[in-house]
Asks: 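My questions all concern the structure below.
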Amino acid sequence: MSIKNFYEILKTSEFKDIEVADIINDELTRQRSTLCLIPSENYISREVAIALSSPLNNKYSEGYPHKWKENTVISQNGKYYQGQKNAIAIEELAMKRGLELFTQNPDLYHINVQSLSGAPANLAVLNAFLNKGDTFMGLALDFGGHLTHGHKVNITSKYYNAVQYSLNNNGELDFDEIEKLALLHKPKLIFCGATAYPLKIDFSKFSEIAKKVGAILAADISHICGLCIANEHPHPFPYADVITTTTHKILRGPRAGIIISKKEYGQQIDKSIFPGIQGGPHMSAIAAMAVAFKEAMQPEYRDYIKQVIKNAKVLSEELQKLGFNIVSKRTENHLILLDVVNNGHLSVENGSWLAERLELAGIITNKNTIPGDKKPWIPSGIRIGTPAATTLGMKEDEMKLIANLIKKATENSHSDDTLKNISLEIKTLLNLFIEKNNNLLI
Ligand code: DSN
């Protein structure tokens, strides 16, 4: 069976669970007929998908391929169960590739590839450096931060004392405020990084502040990791002490997370993941991660990242020309935050309303708070990004078309027929690109 047809089995009687096959096939149809503009979603290659569904999934592999003693790796099998030959080989390969991809000098850093996703990776970082009740700082969720950076409903603020910083009136990180808060609260750790911030992050400024108060600097680069490794965004190293990232967003790998730290923190990070907060690692996800790391080392990946950024810039400028209000006024990365309420021209009720309307038009986005939103459950914005569309091969011309279709779908006076016609236009556009992408899981 060719790699191209690997998932065709779902359409045959060889796959006996018809209910599951039907749902998966329907999801494939949905992904093939709607345009994904959610900045944290992407398409994986079939190689990544096959590694993800490999027999490595059957293996329990608690522990690490190495053992620690006094902050130094002593090279012995640190796994708890027998039968680890291939589990150790795949974990070591993922670690080696991850360090090569994310650091200039792998000897200075340690990587942990066992985190099940971004949220456990961030919790593990806090668990490694803080005791219960200790203070840390992070960007507030309604200003573009992440739940695990100390939002009030998350364990990170229930177990630790979370101090939240925000953005200034221009929608930019406010380093004066961050420094003032750091001097006042003396956090043990400062998280930087975001999920809805369209500008570059100055890790060196964060590092200056962290050093002043003796805090660990943790950079969560889940959204921008691809930009950092392609040198299209400042790299968090050497400024950060530790970085976390998911591997399934712009990196186009499995749903998983990694933590890379300065070597002196390696043992405490490893202990924090296992036995601290997790049990057996997902070995098939680690295999898929190794495949994705290799894909991201290829020159084509760098071209991809450059195009992601060009596309986001054009989409942002076109939307602005069409009357949309862009939070922070510009985009410097892969995403755009639209303030759809305070725009003066358009008649949009709120972000939820627009996201639902766009879905009817075949355009998939997510509602999002914008800085200063008072009602997070009815946010004033939507968040859009270009990683997935760029993976399909779309470029500037398609971004201009998409901006116009978004505008058309936004106009309140249009009937359901208009939305349906837009969705057909989207489907035709997607067909053109999907046909050219035999190696993607779509
Ligand atoms: N849910 C992710 C995102 O969409 O950015 C963050 O965890």
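In each ligand, atom 1 is the first atom listed, and ligand 1 is the first ligand listed. Because only heavy atoms are used, hydrogens play no part in the values below, and waters and symmetry mates are left out as well, while side chains stay in.
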Asks: Among Asn170, Leu199, Leu337, which residue meets the side-chain contact (heavy atoms from CB on, under 4.5 Å) test with Ser328?
Replies: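 Considering Asn170, Leu199, Leu337, a side-chain contact (heavy atoms from CB on, under 4.5 Å) with Ser328 is found only for Leu199.
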
Asks: Assess the side chains of Ser380 and Asp373: does a donor N or O sit below 3.5 Å from an acceptor N or O?
Replies: yes

Asks: Among all protein heavy atoms, pick out the one at the shortest distance from atom 7 (O) of ligand 1; state its residue, atom name and that distance to 0.1 Å.
Replies: His146 NE2, 2.8 Å

Asks: Less than 3.5 Å apart, any donor N or O on the side chain of Tyr160 or Thr135 sitting next to an acceptor on the other?
Replies: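 Their side chains do not contain a donor-acceptor pair, so the 3.5 Å distance test is not met.
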
Asks: So which bit of Arg383 gets within less than 4.0 Å of ligand 1, heavy atoms only: side chain, backbone, both or neither?
Replies: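 For Arg383, only side-chain atoms sit under 4.0 Å from ligand 1.
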
Asks: What residue and atom, counting heavy atoms only, is the protein's closest point to atom 3 (C) of ligand 1, and at what distance?
Replies: Ser40 OG, 3.3 Å

Asks: Do Asn342 and Asp339 get their side chains close enough for a donor-acceptor pair, meaning under 3.5 Å?
Replies: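 There is such a pair between these side chains.
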
Asks: Return a yes/no value for Thr195: is any of its N or O atoms, backbone included, closer than 3.5 angstrom to an N or O of ligand 1?
Replies: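 Such a contact does not occur with ligand 1.
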
Asks: Could you identify the single nearest non-hydrogen protein atom to atom 2 (C) of ligand 1 and state the distance to 0.1 Å?
Replies: Lys249 CE, 4.0 Å

Asks: Testing Thr156, Asn154, Asp220 for side-chain hydrogen bond (donor to acceptor under 3.5 Å, both in side chains) with His149, which one passes?
Replies: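 With His149 as partner, side-chain hydrogen bond (donor to acceptor under 3.5 Å, both in side chains) holds for just one option, Asp220.
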
Asks: Please confirm whether His223 comes under 4.0 Å of ligand 1, counting heavy atoms of the residue only.
Replies: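 Checking ligand 1 against His223, which is what was asked, there is a heavy-atom contact under 4.0 Å.
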
